[in-house]
Amino acid sequence: MAVSGSKVVFGDVYVDELVSSCGNGFEFLKPKGVYFADRSHISCRKAGMVLRKQEQPLFVCGHYVSPTMSRNSKYNPPFGPRIKSIRTSPLPCSSSRAVHDVSFDGSSSDDQTTSLPQRAIPSERTLTLVSGSCYLPHPAKVEKGGEDAHFICADEQAIGVADGVGGWAEVGIDAGEFARELMSNSVKAIRDEPKGSVDPARVLEKAHSSTKSQGSSTACIIALHKEGLHAINLGDSGFIVVRDGSTVFHSPVQQHGFNFTYQLESGNNGDLPSSGQVFRIPILPGDVIVAGTDGLFDNLYNNEVAAVVVHALRAGFSPESTAKEIVALARERAVDKNKQTPFAKAAQDAGYRYNGGKLDDITVVVSFITSSTDM
């Protein structure tokens, strides 16, 4: 489990401020949907900004391995300049309603597993999730501590990310408090799960029911089982699976409308965990899981992330260093006023005149799938 950042909680805690650079000469006012107590939808808007030239970006990275993997020295490369490395010893890391499974196209199914191509895996092999993280906050939110949160539970083989909805700042509420409490409660719920059988949907529902802070956030929780990954995603955070240099899975984005993400809120004022999409994904040794907030997926296409993963694997990078490389490229795209990005494409499809990236907090968790023979 990661513990780092300006506020020490269960996970790296950073903001997803909803401001962006605009490459077309006009200020793009980016709405963010927020639910308030009366269930109304309010679009909060903020003007575009760019990264201040004199400000050096601060990376906060973490490297996490299970005790059986820590002896493998190949997961401990040096870091580049301006990188703050935080190492922690991973802490040991019942739902009232089940969540439906969905297939890759978002359709519901009673008991769906993916049809990814598989190679035979000897039954005696044990798969392990070796994870690391990196975070780069929006420059305007460094002191605040941010609105993103994430955790890594090495012993329980689970990871999670949450992205507090920045529109709450318009009414004086720090949605990061909600995201942090949600991830903290998720870790507590994971500790109560049967070993090797963490149910992300049950974890999220239990965590949500215990979270009382004001605000709202997205959520994505992933756990490794013997038969593959079990995951739940609600909103516009998410994860991809990279295999042999190609993206073989990408969790769909859940939005009510452009930039109006599905979001959990305390009580029943927002979306509910039962609205999340549940996935069961067969995996193989050598697969790489990349989870992140929308600061990642709004600025990089899947093939760009996969290309970084390929480079990192060839260079022998750790999950932490791989996450750092992905974050660096995402920030580069975020401040580029001319590059076509996923967010720019979505804005254009929604009728906005917009080019370039979206300046935002960026949280990335990278997990290598290894087997007992790799250790």
Side-chain angles (χ1 to χ4, degrees), residues 5 12 14-32 45-61 80-83 133-142 144 146-148 150 161 163-167 169 176 218 235-240 253 258-259 261 290-309 322-350 352-366:
D12 294 43
Y14 316 109
V15 132
D16 175 18
E17 175 54 43
L18 304 172
V19 260
S20 61
S21 58
C22 179
N24 54 25
F26 298 94
E27 285 191 338
F28 179 75
L29 301 179
K30 182 175 182 292
K32 186 70 172 185
R45 300 174 181 270
K46 291 181 179 291
M49 297 177 63
V50 294
L51 180 65
R52 290 172 294 199
K53 291 183 179 178
Q54 285 130 354
E55 185 162 330
Q56 294 289 343
L58 167 68
F59 289 82
V60 181
C61 302
R82 301 195 305 276
I83 303 300
S133 63
C134 193
Y135 146 74
L136 181 60
H138 187 290
K141 299 294 181 176
V142 173
K144 181 182 177 183
E147 294 165 352
D148 281 10
H150 83 258
V161 298
D163 178 2
V165 176
T218 65
D236 58 8
S237 295
F239 68 102
I240 65 173
V253 171
F258 172 65
N259 204 42
T261 182
V290 180
T293 55
D294 65 344
L296 167 63
F297 295 112
D298 279 345
N299 288 300
L300 293 181
Y301 288 99
N302 293 340
N303 64 332
E304 294 177 303
V305 177
V308 177
V309 169
T322 305
K324 173 253 182 181
E325 294 292 324
I326 295 171
V327 166
L329 182 59
R331 173 51 62 87
E332 180 182 325
R333 292 287 188 270
V335 298
D336 190 326
K337 296 183 179 181
N338 299 308
K339 192 79 174 181
Q340 180 75 329
T341 64
F343 181 79
K345 177 64 165 58
Q348 293 159 9
D349 290 345
Y352 292 95
R353 185 180 177 187
Y354 185 89
N355 293 309
K358 184 192 77 171
L359 187 58
D360 203 345
D361 281 12
I362 305 165
T363 298
V364 173
V365 180
V366 172

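Computation of the quantities below employed the complete heavy-atom set of this structure, encompassing side-chain atoms and omitting hydrogens, waters and symmetry-equivalent molecules. Numbers here simply count residues along the sequence, with the first being 1.
The two atoms that bring V161 and G292 nearest to each other are CG2-O, 4.0 Å, heavy atoms only. Listed here is the closest heavy atom pair of D360 and R331: O-NH2, 3.1 Å. Of all non-hydrogen atoms in A344 and G356, the two that sit nearest each other are CB-O, 3.4 Å. Scanning all heavy atoms of the two residues, the minimum distance from A330 to G295 falls at CB-O, 4.2 Å. Nearest heavy-atom pair across V309 and I326 is CG2-CD1, 4.3 Å. In this structure, F297 and I240 approach most closely via the heavy-atom pair CE2-CG2, 3.8 Å.
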Practice task
For N299 and K358, run side chain to side chain contact (heavy atoms under 4.5 Å, CB included): C-alpha distance rounded to whole Å, both residues' side-chain angles, the deciding distance at 0.1 Å, then the answer.
Solution key: CA-CA 6 Å; N299 288 300; K358 184 192 77 171; 4.1 Å; yes
Exercise for the section: I would like to know whether V290 and V364 meet side chain to side chain contact (heavy atoms under 4.5 Å, CB included); could you show each step before the answer? Expected result: CA-CA 7 Å; V290 180; V364 173; 4.0 Å; yes
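Taking the side chain as every heavy atom from C-beta outward, V308 and E304 never approach each other to under 4.5 Å. Residues E332 and L329 form a side-chain contact, since some pair of their non-hydrogen atoms from C-beta on lies under 4.5 Å apart. Two residues are said to be in side-chain contact when any heavy atoms from C-beta on lie closer than 4.5 Å; N338 and N355 fail this criterion. In this structure, D294 and T218 have side chains that are not in contact, with every pair of non-hydrogen atoms separated by 4.5 Å or more.
Rounding to the nearest 0.5 Å gives a distance of 7.5 Å between CD1 of I362 and OG1 of T293. Note that CZ of R333 and CG of L296 are 12.0 Å apart. Values are rounded to the nearest 0.5 Å. Here the NZ atom belonging to K345 is positioned 15.0 Å from the OH atom belonging to Y354, to the nearest 0.5 angstrom.
The backbone N or O of D163 sits nowhere less than 3.5 Å from a side-chain atom of E147 that would complete a donor-acceptor pair.
Ring centroids of F258 and F343 are separated by less than 6.0 Å, placing the two rings close together.
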